[in-house]
Amino acid sequence: MPDLEQATNGATEQHKTGERFFQRFTREQRYMHGVLFTTFLGLAATGLPMRFSESIWARKFATQVGGFGAIIFFHKLFAVVLSIAFLLHLKEIFTRGLLHREKGVFWGNTSMVANWKDVKDIVGHMRWFVGLGKKPVFERYAYWEKFDYWAVFWGMLVIGFSGYAMWFAPFFARFLPGWALNAVLVIHSEEGLLAILFIFSIHFVNTHLRPGSFPMDMVIFTGVESEEEFKVKRSEEYKRLASEGKLEARLGEKPPSWLVNFGRVVGTTAILIGIILLVLTLSAYIRE
Amino acid sequence: MTRAAKSTANSIEEMPQSRSRGLFRSALLAAGVVLVLLAMPGRLAAQTDCLMCHADKTLQDPAGHSVSVDGDTFGKSIHGVLKCGDCHTSIKDYPHPDKVTPVKCESCHASESEGLAGSVHSNRPEHPCTSCHGDAHSIYPKADPKSAVYPLNIPRTCGNCHGSDAMAKKHGINNVYPLYLDSIHGFALSKEGLLVAANCTSCHGSHHVLSHKDPQSPTFKSNVPQTCGTCHAGITNDYMAGVHGKGVAAGHTAAPVCSDCHTAHAIEQPTASAFRMQSTPICGNCHKDKFSTYRDTFHSQLSSLGGYVETARCWDCHGAHEILPASDPRSPVAPQNLVKTCGKCHAGANASFVQYQPHANAKNRKLNPALYYIRLFMNLLLAGVLTFFMIHTILWLIRARYEQLKTRSAKGGKNA
């Protein structure tokens with residue numbers, strides 16, 4: 001796509017001097033995303049061969065890495081790491097929202113919790129897609145970003161619970177009925193499949209691959225975005241901060257080029273792995 | 001004694017020429033007989049006439065076949081006590097005609113010959129006795145390691161024909177020799193030298209070898225359990241007590257016998273990982289519905305991917321030989337035995353744990369309603385979310401690209 005590349009390069013050149021950068025994600029949040037996508041890729045890469053254990057690529061992959069024993073070992077390892085990350089996130093929410101009574105964690109403009117504006121935004125955005133209205137302006141988190149967050153949150157609970165129920169089946173059987181042990185595999189694999197299909201197609205495109213962010217939204221790697229990007233992508237938040245006089249407090253450093261390059265390499269790798277897994281998944285799914 | 005013979009020859013030479021010719025001949029013959037007598041064991045005296053010519057290693061018949069006989073070897077063979085004429089009955093005196101009638105082994109070995117006549121090897125010119133027993137003049141008892149039919153030599157002997165692809169193709173049968181050699185029986189025999197290891201004749205018999213389609217054959221389907229039971233008596237007893245054995249006994253031809261699961265020639269050690277890894281489809285050949293539901297489970301996922309041989313396969317729960325229906329209280333899958341059976345792998349299995357259904361079918365609403373609706377919900381969720389966002393995102397892509405192209409020259413081109 002030469003057009004897009006030119007557009008990106010042109011935009012970068014404009015920002016060379018006197019450009020301001022604003023903090024969007026904290027270091028902890030960026031690390032959290034790193035742990036999330038690393039373990040997610042690992043879980044997908046080890047989970048898919050189990051889900052499609054009859055397919056040729058699953059068997060080949062299993063043979064390469066040392067059979068089922070190796071696959072389940074890494075699947076559990078990634079699962080534990082991700083579970084710890086999830087618990088740390090819950091602790092952060094608890095500390096910020098309940099202990100420190102920080103505003104905007106559970107509701108308000110900066111919260112991840114859906115509100116009436118999100119409903120209006122979905123409708124408005126889709127009307128804009130087909131040329132029926134003006135493009136809505138977004139706050140700190142747009143509705144599709146909130147959906148991504150809650151999809152992962154719900155997925156963590158559902159996939160996590162069903163996964164641990166299988167891992168420690170005799171223990172869970174003490175308070176679960178027998179048929180639940182059958183159900184957890186169905187739930188685990190279907191929900192896992194949904195997560196994989198969603199992240200590797202919808203999230204990739206919505207967040208990284210769509211025009212305007214192509215080939216990758218670097219903000220999750222650098223933590224900052226340029227003033228222009230901020231203004232265009234999250235106009236509502238920019239306007240609110242400006243009117244409240246809080247814009248200066250959000251000023252950040254221009255990201256060092258090594259960080260940008262690092263983010264590009266890591267992000268591109270993750271996306272490529274994701275797309276490969278997506279193709280394998282779809283091929284196996286269709287054949288089923 | 002040698003000196004005495006020489007002195008006789010010397011005294012003949014001293015005699016006048018005219019008288020001496022007849023005497024010379026007879027004396028030479030006598031000397032030759034004495035020499036042969038000295039060289040051979042005494043009991044072979046009757047074969048010596050023939051061996052005077054046939055001991056010559058280069059001796060050939062008019063067709064070019066060797067007719068040389070090693071008297072020594074023959075003497076040690078099982079037929080060493082016989083006279084040549086006992087088998088070569090058409091030869092009475094010397095000189096004998098070039099063409100002689102073939103030897104008839106059946107004149108002594110009547111029952112073997114009868115067995116062979118009714119067997120798959122009945123075509124005598126193609127399967128002379130010697131094709132299995134080896135050279136006619138060096139046949140040994142089957143307990144002799146030199147014998148071609150010594151237990152450890154039998155597979156090689158049969159393999160002379162049954163190890164050939166061309167022969168197998170010609171007769172529409174498998175080239176079984178390499179399969180056998182790699183099997184647990186072949187290994188026990190060729191690598192460990194176990195005389196009791198099953199060789200070809202243990203299952204097929206020797207002279208009266210019949211096609212497995214012949215109801216008289218030890219390899220006919222319903223006879224297989226008894227045939228294997230000659231050695232594996234305990235397992236055959238277990239098998240006959242199980243559903244498969246009862247089925248076969250009742251004349252159900254679909255019920256599997258030993259060879260249906262273990263194969264006939266490529267038999268592997270069933271506890272070895274190689275066999276475990278490939279084994280569930282064997283039961284699945286007949287139990288298609290159970291195999292299909294097994295494949296939906298975690299047990300199957302484990303077993304498909306290799307390297308994890310312990311995972312439960314059919315017989316780990318159902319038993320291998322004495323397979324009993326769940327309604328039989330002795331069955332490992334009878335409800336009252338499940339805690340013990342599942343507990344073999346799942347330490348801490350309890351009454352609730354064993355309610356797990358290893359063959360649940362999430363697609364069957366009547367059998368597994370809870371599972372059916374859970375799967376339905378998950379599928380609807382998956383389809384719903386993906387459909388909505390697929391439409392949403394594709395429309396967005398088109399619109400964003402359109403917007404980007406439209407306003408590229410203006411500001412905000414990058415961040416449309």
Side-chain angles (χ1 to χ4, degrees), chain A residues 3-4 7-8 10-11 49-51 53-54 58-59 62-63 66-72 122 125-126 128-131 135 144 147 151 166 169-171 173-183 185-187 190-191 193-194 197-198 201-202 205-206 210-213 228-229 231-233, chain B residues 295-298 300-309 311 342-343 346-358 360 362 368-371 374-375 377-379 381-383 385-386 389-405 408 411-416:
Chain A
D3 289 353
L4 287 177
T8 316
M50 288 191 266
R51 172 68 176 77
S53 58
E54 300 292 324
R59 288 170 182 227
T63 322
F68 180 84
I71 288 183
I72 194 76
I122 295 176
H125 209 201
M126 293 194 67
W128 172 71
F129 293 163
V130 291
K135 190 184 174 193
W144 69 88
F147 187 90
M166 285 190 283
F171 170 75
R174 287 186 201 169
F175 39 85
L176 285 181
W179 61 264
L181 296 177
N182 285 105
L185 177 62
V186 173
I187 294 170
E190 295 284 307
E191 183 66 26
L193 204 57
L194 172 57
L197 292 173
F198 186 86
S201 61
I202 310 293
V205 174
N206 279 0
R210 73 180 156 95
S213 295
E228 191 207 344
E229 205 175 345
K231 231 189 272 183
V232 174
K233 279 188 173 169
Chain B
R295 278 165 64 149
D296 289 342
T297 68
F298 194 61
S300 166
Q301 295 176 355
L302 265 81
S303 64
S304 301
L305 296 175
Y308 206 81
V309 293
T311 185
C342 302
H346 300 277
N350 55 29
S352 172
F353 177 80
V354 302
Q355 295 308 304
Y356 171 78
Q357 293 181 30
N368 307 94
L371 210 53
I374 286 169
R375 181 174 173 274
F377 171 77
M378 295 309 298
N379 278 340
L381 183 73
L382 189 143
V385 168
L386 288 179
F389 274 101
M390 214 54 96
I391 296 167
H392 169 275
T393 299
I394 287 168
L395 287 176
W396 190 4
L397 271 179
I398 296 166
R399 179 69 208 225
R401 184 70 182 134
Y402 168 76
E403 202 77 1
Q404 194 181 42
L405 289 174
R408 180 133 53 95
K411 73 178 181 80
K414 176 175 177 266
N415 303 310

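Below, read A as the first sequence line, B as the second, and so on, with proteins coming before strands; counting in each chain starts at 1. Please read these numbers as outputs of a predicted model, since none were measured by experiment.
- Once rounded to the nearest 0.5 Å, the distance linking CZ of A/Arg210 with CH2 of B/Trp396 reads 4.0 Å.
- Most heavy-atom pairs under 4.5 Å with chain B, from the set A/Ile71, A/Ile122, A/Val186, A/Asn182: that is A/Asn182.
- Of the two parts of A/Leu197, the backbone and the side chain both hold a non-hydrogen atom closer than 4.5 Å to a non-hydrogen atom of chain B.
- Only the backbone of B/Ala349 comes within less than 4.5 Å of a heavy atom in chain A; its side chain stays farther off.
- Rounded to the nearest 0.5 Å, atoms CD1 (A/Ile202) and CD1 (B/Ile394) are 7.5 Å apart.
- Going from atom CZ of A/Phe129 over to atom NE2 of B/His392 covers 4.0 Å, rounded to the nearest 0.5 Å.
- In terms of non-hydrogen atom pairs under 4.5 Å with chain B, the most contact-rich of A/Ala70, A/Ala62, A/Gly131, A/Pro170 is A/Pro170.
- Checking side-chain atoms of B/Ser352 against main-chain N and O of A/Ala173 turns up a donor-acceptor pair under 3.5 Å.
- Rounding to the nearest 0.5 Å gives a distance of 6.5 Å between CD1 of A/Ile72 and CG of B/Leu302.
- Options A/Leu176, A/Val130, A/Leu181 differ in how many heavy-atom pairs under 4.5 Å they form with chain B, and the most are formed by A/Leu181.
- With a 4.5 Å cut-off on side-chain heavy atoms, B/Glu403 and A/Pro211 do not count as touching.
- The two residues A/Gly212 and B/Gln404 come nearest to each other via the heavy atoms N-NE2, 3.7 Å.
- Using a 4.5 Å cut-off between heavy atoms, A/Met50 touches chain B through backbone and side chain atoms alike.
- By the 30° and 60° cut-offs, the orientation of the rings of A/Phe147 relative to B/Phe389 is tilted.
- Considering every non-hydrogen atom in both A/Ile187 and B/Met378, the closest pair reads O-CE, 4.0 Å.
- Residues B/Gln301 and A/Ser53 come closest through the heavy atom pair CA-OG, 3.5 Å.
- In this structure, the side chain of B/Arg399 engages the main chain of A/Trp128 through a donor-acceptor pair within 3.5 Å.
- If you measure heavy-atom distances from A/Arg174 to chain B, the contacts under 4.5 Å come from both the backbone and the side chain.
- Heavy-atom pairs under 4.5 Å with chain B peak, among A/Leu194, A/Leu193, A/Thr63, at A/Leu194.
- What you find for B/Gln355 and A/Gly178 is that their closest heavy atoms are CB-CA, 3.2 Å.
- For chain A, the option among B/Thr297, B/Ile398, B/Val385, B/Leu382 with the highest count of heavy-atom pairs below 4.5 Å is B/Leu382.
- Contacts of B/Ala383 with chain A are absent, with no heavy-atom separation under 4.5 Å from either backbone or side chain.
- A distance of 9.5 Å separates CG in B/Leu381 from CD in A/Glu190, rounded to the nearest 0.5 Å.
- Of the listed residues (B/Ile374, B/Val354, B/Leu386, B/Asn368), the one with the most heavy-atom contacts under 4.5 Å to chain A is B/Leu386.
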